[in-house]
Amino acid sequence: MNVWDEDKAPVPQVAAVPLSQRATAARGAPYLDDLNPAQRAAVEALDGPVLMLAGAGTGKTKALTARIVHLLRQGRARPNEILAVTFTNKAAREMKERVGRLLGEVAEGMPWMGTFHSLSAKILRRHAELVGLKPTFTILDTDDQLRLLKQLIAAANIDEKRWPARLLAGLIDGWKNRAWTPEKVPSSEASAYNNRGTELYEAYQARLKTLNAVDFGNLLLHCVTIFQTREDVLQQYQRWFRYILVDEYQDTNVAQYLWLRLLAQSHKNICCVGDDDQSIYGWRGAEVGNILRFEKDFPGAQVIRLEQNYRSTGHILAAASGIIAANKGRLGKTLWTAGEPGDKLRLIGHWDGEEEARWIGEEIEAIQRGTRGHEPIDLNHQAILVRASHQMRAFEDRFLTIGLPYRVVGGPRFYERQEIRDAMAYFRLAVSPDDDLAFERVVNLPKRGLGDTAQSKINQLARAAQVSLLDGAREALAKGVIGGKGASQLRAFVDGVDRWHAVTFHPEYDHIRLAETILDESGYTEMWRNDKTPEAPGRLDNLKELVKALEQFDNLQGFLEHVSLIMDNDTEGAEEKVTIMTLHAAKGLEFPVVFLPGWEDGLFPSQRSMDETGLKGLEEERRLAYVGITRAEELCTISFASNRRVYGQWQSQLPSRFIDELPADHVEVLTAPGLYGGGYGAAAQVGFGSSLEDRVSKADVYNSPGWKRMQENQSHRPMRQPQEARHVVIDAEALSPYVLGDRVFHQKFGYGEIMGIEGDKLDVEFDHAGTKKVVARWVIPADQVDEVPF
DNA sequence: CGGACCCGGTTTTTT
DNA sequence: ACCGGGTCCG
């Protein structure tokens with residue numbers, strides 16, 4: 001396939017454009033001028049349902065923003081009559097900026113551009129009473145949610161050990177994703193959580209209502225409930241939102257789908273943008289079905305495909321297309337590029353994960369200097385994309401050793417950090433002293449001598465009197481049920497909260513000063529100053545940053561609302577760094593140079609994914625591979641290792657089945673220059689002692705095109721035969737060269753005796769290191785120690 | 001109340 | 001291997 005040959009590229013249909021609009025364009029609307037025909041069609045098809053199928057790197061955000069500008073310029077809607085939905089705050093922010101730029105400075109107004117959750121919160125505040133809430137409801141994050149569930153589980157006399165709260169939380173989230181209120185959970189789910197799932201779901205919802213709180217799922221669920229039960233309210237919004245736009249439609253779950261369908265039902269001016277090939281969030285409730293079904297849901301929908309890719313070179317694009325072609329049930333797109341074929345995608349195997357990290361580190365530095373006819377590419381333009389975050393460690397270790405600057409994207413977000421959440425709990429108490437969850441979090445933080453006993457007293461009193469925990473604490477103090485030093489400290493805490501709360505009503509209330517006062521008077525900053533652990537200074541910095549963030553808000557309330565829905569993690573400096581992140585986090589991003597390590601069956605595709613959802617899971621993994629490759633603009637390198645330490649145990653790994661799916665014409669197989677001869681030899685013999693199933697799948701690998709390709713590549717290359725290769729011979733001669741009782745030698749553990757054999761793994765009782773499970777390849781017969789040095 | 005020790009789980013992540 | 005949570009004991 002010659003994907004970069006423009007002549008063979010399918011020519012998208014251009015929708016008929018009314019004369020009036022052509023006139024506008026001709027008069028020079030810059031936002032229309034630099035669109036390709038497909039993008040332009042997507043921008044100009046304003047009325048009725050439109051599905052914009054936008055492949056990776058085809059300029060979908062450009063089209064989406066141009067469409068918004070077009071709606072405004074054409075006078076179809078005022079800024080506040082357009083509902084534009086994204087998944088992340090980052091995406092919403094970017095879209096606002098881009099629209100603002102296109103419109104020329106007028107970035108304001110577009111109040112209904114935001115995430116599903118922030119828009120739902122906005123709507124829900126106006127109609128809170130319809131679902132039994134007050135408009136001031138608080139939004140709980142997953143941590144609060146979990147603690148609440150734990151309480152309910154304990155109250156229901158369930159052993160949280162056997163039935164973890166996480167499990168229940170997952171179930172409830174799943175039900176909410178499907179827009180099931182407790183009454184609507186189908187009976188097929190009745191056995192969930194030891195038959196008590198629905199019961200606890202109901203209790204949880206009731207408890208949230210009492211707390212005047214919602215979790216993330218409830219924001220959507222409550223909105224859908226209101227839309228479904230109150231025709232008048234729904235109609236009001238249907239009239240208000242004349243045009244609806246949705247980004248990343250392939251990631252919507254059922255609740256979000258209903259939310260959209262209800263709102264779009266009357267006028268059907270809904271434009272959904274997405275790419276079924278980039279649906280990678282099925283595990284958290286996203287339904288690819290939503291996008292696959294669009295034309296059925298909205299009869300007469302126009303489907304516009306954006307297929308010209310502006311990001312990647314021809315070989316990269318072709319390799320990605322080759323991989324994704326193995327998936328069934330796609331809507332189908334043919335990406336093409338008018339650009340250069342560029343370099344073939346590179347494939348390389350390594351002995352183990354450390355070797356892989358070492359090689360990639362060197363390669364990154366070489367590319368940074370400029371190699372093989374490439375201009376130097378700086379570190380900011382290079383990225384390593386991994387399947388699972390634990391893979392990052394090998395790279396961090398290596399890069400620290402060689403002093404290669406890197407940045408890890410992901411990890412806990414700013415607002416999820418412990419110190420931020422603690423501070424927020426204090427703020428929440430100041431704003432609403434009845435916030436019991438906040439009370440529980442900080443009543444003994446810093447330590448105030450209020451342990452379990454004291455807290456359960458407070459709890460009892462509060463429950464008996466049907467009052468908040470803060471009032472329960474007052475009661476406890478009045479009754480003198482709290483012991484000595486705890487009592488005086490509790491007194492100070494309660495008084496503090498009262499004082500802070502009072503300030504929020506003061507005419508000269510300055511929320512920034514108040515925040516500082518709270519953190520000071522509570523002893524919270526003091527606590528971290530006295531903390532000698534290495535992360536304490538960072539936490540104090542974060543607290544400062546938190547206070548600084550308050551400047552952008554008028555009061556604490558506004559800030560709390562904002563933070564409960566928003567993450568801001570973009571505090572990275574300008575220093576040049578390689579990016580390390582997960583494939584999931586990389587969606588929507590692009591880099592000139594991309595490394596995709598760890599392409600090994602079980603790791604990628606992830607075993608768990610395949611076990612849990614079978615073919616569906618495998619296809620999602622394949623889309624993840626597609627997402628990974630399509631992040632690369634110029635150079636994409638896939639690698640795998642033959643051995644990897646998994647949960648502390650060495651494991652033999654097989655190259656990923658996705659490697660065999662790469663179209664050969666677009667791949668160059670590299671041989672690692674290191675001591676290990678590239679590791680293919682190693683890959684060839686791993687697992688010979690494993691289970692029957694393993695051997696069967698191994699045979700498949702040997703017969704696969706990808707494997708043969710690599711063998712060919714090997715054959716005309718004089719490969720160094722290092723120590724490992726000799727072990728290969730030993731391993732290959734017999735399933736296991738050892739029998740019970742054999743004396744062996746291990747480089748790290750020394751001499752020992754084999755006590756058990758399980759496939760290629762041996763239980764060895766070492767003379768000085770105790771009993772360990774080791775891979776046979778790592779030991780040699782004790783009597784050969786002198787012959788085969790390590 | 002805090003520190004030492006044991007046990008279990010371990011993909012991906014947003015709001 | 002490593003982390004978090006729970007338990008036990010000083």
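The structure presented is a predicted model; accordingly, all values stated were derived computationally and were not measured. Proteins come first, then strands; the chains are lettered A, B, ... in the order of their sequence lines, and each starts at number 1.
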| field | Nearest-angstrom distance from the residue atom CD of A:Q649 to C1' of B:dT10 | value | 14 Å

| query | A:S606 near the nucleic acid: base, sugar-phosphate alone, or nothing, with a heavy-atom cut-off under 4.0 Å? | reply | base

| query | For A:R393, which contact category applies under a 4.0 Å heavy-atom criterion: base, sugar-phosphate, or nothing? | reply | sugar-phosphate

| said: Strictly below 4.0 Å: does A:N89 bring a side-chain N or O up to OP1 or OP2 of B:dT14? | reply: no

Could you list all N or O pairs between the protein and nucleotides 5-9 of chain B that sit under 3.5 Å apart?
none

| task | Would you mind reading off the distance between A:N444 atom CG and B:dC1 atom C1', rounded to a whole angstrom? | result | 9 Å

| query | Atom CG of A:D143 to atom C1' of C:dG5: distance rounded to whole Å? | reply | 14 Å

| Stepwise, does the side-chain contact (heavy atoms from CB on, under 4.5 Å) test hold for A:W283 with A:E612? | CA-CA 10 Å; A:W283 52 272; A:E612 281 172 9; over 6 Å; no

| said: What's A:E612 touching, base or sugar-phosphate or nothing? Going by heavy atoms closer than 4.0 Å. | reply: base

| request: Using the six-membered ring wherever Trp is involved, compare the ring planes of A:H390 and A:Y647 and label them parallel, tilted or perpendicular (cut-offs 30° and 60°). | output: tilted

| message | Can you tell me if A:F116 is stacked onto the base of B:dT15, using a 5.5 Å centroid cut-off and an angle below 30°? | response | no

| request: Using a 4.0 Å heavy-atom cut-off across all strands, classify A:G449 as base, sugar-phosphate, or nothing. | output: sugar-phosphate

| To the nearest angstrom, how far is A:H390 atom NE2 from B:dT13 atom P? | 11 Å

| query | Which residue, A:Y257, A:Y249, A:F216, A:F87, forms the ring pair (Phe, Tyr, Trp, His ring centres under 6.0 Å) with A:F116? | reply | A:F87

| message | For the base of B:dT10 and the side-chain ring of A:Y647, does the geometry meet a stacking cutoff of under 5.5 Å between centres and under 30° between planes? | response | yes

| said: Among B:dT15, B:dT13, B:dC1, which nucleotide has an atom closest to any side-chain atom of A:H584? | reply: B:dT13

| said: A:Y201 and ring pair (Phe, Tyr, Trp, His ring centres under 6.0 Å): which single residue from A:W175, A:Y193, A:W180 fits? | reply: A:W175

| Should the pair A:H584 and A:Y281 be assigned to parallel (<30°), tilted (30 to 60°) or perpendicular (>60°) ring geometry? | tilted

| At under 4.0 Å between heavy atoms, what does A:N218 touch on the DNA or RNA strands: base, sugar-phosphate, or nothing? | nothing

| request: Applying ring-ring contact (aromatic ring centres under 6.0 Å, His included), run through A:Y237 and A:H127 and close with a yes or a no. | output: CA-CA 12 Å; A:Y237 285 102; A:H127 311 284; 5.5 Å; yes

| query | Any side-chain N or O of A:N253 less than 4.0 Å from the OP1 or OP2 oxygen of B:dT15? | reply | no

| request: Taking the six-membered ring for Trp and the full ring for Phe, Tyr or His, determine whether the centres of A:F640 and A:W599 are under 6.0 Å apart. | output: no

| Starting at the 5' end of DNA chain B, which residue's closest nucleotide do you reach first, A:R387 or A:D173? | A:R387

| request: Ignoring backbone atoms, establish whether A:T582 has a side-chain N or O less than 4.0 Å from OP1 or OP2 of B:dT13. | output: yes

| request: Give me the ring orientation class for A:F559 and A:F427: parallel if the planes are under 30° apart, tilted from 30 to 60°, perpendicular past 60°. | output: perpendicular

| query | So what does A:L385 hit on the nucleic acid, given a heavy-atom distance under 4.0 Å: a base, only sugar-phosphate, or nothing? | reply | nothing

| field | Rounded distance (Å) that lies between atom P of B:dT12 and atom CG of A:L596 | value | 17 Å

| Selected nucleotide, minimal atom distance to A:K447 side chain, candidates B:dT13, B:dC1, C:dA1 | B:dC1

